[in-house]
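First up is the structure itself, then whatever we jot down about it.
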Amino acid sequence: MSPAYPRRSGEEILFPRCTDCGRWRWPDGEICRTCGSNHLVATPWSGTAVLLAEVRVHRGVPAPFVADGPYDLIALDLGGLRFLTRWASRPATPVRGQACTLSWGEVHGTPWPLAHALQGRR
């Protein structure tokens, strides 16, 4: 069964990618959503992500997260791969189209790719 979180190799962030059509798959699964192939390989992601949306969560979250509240969840486009995460450090005024990069951080003791805002838009 596939893990419910991105894989890690050193500092690299690995996401499943189809070796037949080249499309990324997230969340992970058994087959490619584009071509139906089962040839998915954990592949390093690098590059620039684009901020699609941000939402501030105030309540209705599991107990371990209440102490964080409110906190921001962000949706990123990683070049054909959509991914939800949190800011490593939130920029003063994030805007849709904001260029970002990802690096490993920690959320409640679990390693997770966190976003860092870059200057300008992509």
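Side chains included, hydrogens not; waters and symmetry mates left out as well; all remaining heavy atoms used.
Residues passing the side-chain hydrogen bond (donor to acceptor under 3.5 Å, both in side chains) test with W24: none are found, sequence neighbours excluded.
In terms of modelled atom types and a separation under 3.5 Å, the side chain of T85 and the main chain of A115 share no donor-acceptor contact. Panel note: side chain T43, backbone V41; a donor-acceptor pair is recorded below 3.5 Å.
Across all their heavy atoms, R7 and D28 have their closest contact at NH2-OD2, 3.3 Å. The two residues I31 and R25 have their closest heavy-atom pair at O-NH1, 3.1 Å. P6 and W112 get closest at one heavy-atom pair: CD-CZ3, 3.3 Å. Nearest heavy atoms, G47 versus T101: O-OG1, 3.8 Å. Among all heavy-atom pairs drawn from T48 and A99, the shortest one is CG2-CB, 3.7 Å. Residues P94 and P91 come closest through the heavy atom pair CD-O, 3.3 Å.
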Report task. Start with the C-alpha distance between F15 and L78, add both sets of side-chain angles, then the distance that settles side-chain contact (heavy atoms from CB on, under 4.5 Å), and finish with yes or no. Result -> CA-CA 11 Å; F15 287 103; L78 280 58; 3.8 Å; yes
Query raised in the report: Going through the checks in order, is the side-chain contact (heavy atoms from CB on, under 4.5 Å) test met by W45 and L14?
Result: CA-CA 6 Å; W45 177 86; L14 307 175; over 6 Å; no
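Counting only heavy atoms from C-beta outward, the side chains of L102 and L76 approach each other to under 4.5 Å. For the pair L73/V57, a side-chain contact is recorded, criterion being any heavy-atom separation below 4.5 Å from C-beta on. Annotation: side chain of D20 is in contact with side chain of H39 (closest heavy-atom distance under 4.5 Å). Side-chain contact check for L114 versus W104: every heavy-atom pair is 4.5 Å or farther apart. Taking the side chain as every heavy atom from C-beta outward, C32 and C21 approach each other to under 4.5 Å.
Within the structure, salt bridge (charged side-chain N to carboxylate O under 4.0 Å, His left out) contacts touching residues 45-58 (residues at least two apart or in different chains) are E54-R90, R56-D72. Within the structure, salt bridge (charged side-chain N to carboxylate O under 4.0 Å, His left out) pairs that include any residue of residues 9-18 comprise R8-E11 (at least two apart or interchain).
Once rounded to the nearest 0.5 Å, the distance linking SG of C100 with CD1 of I74 reads 5.5 Å. The NE2 atom of H116 sits 2.5 Å away from the OG atom of S103 when rounded to the nearest 0.5 Å.
L52 and W87 are members of different hydrophobic clusters when ILVMFWY side chains are connected at heavy-atom separations under 4.5 Å. Cluster membership for L51 and I13, using ILVMFWY side-chain heavy atoms within less than 4.5 angstrom, is shared.
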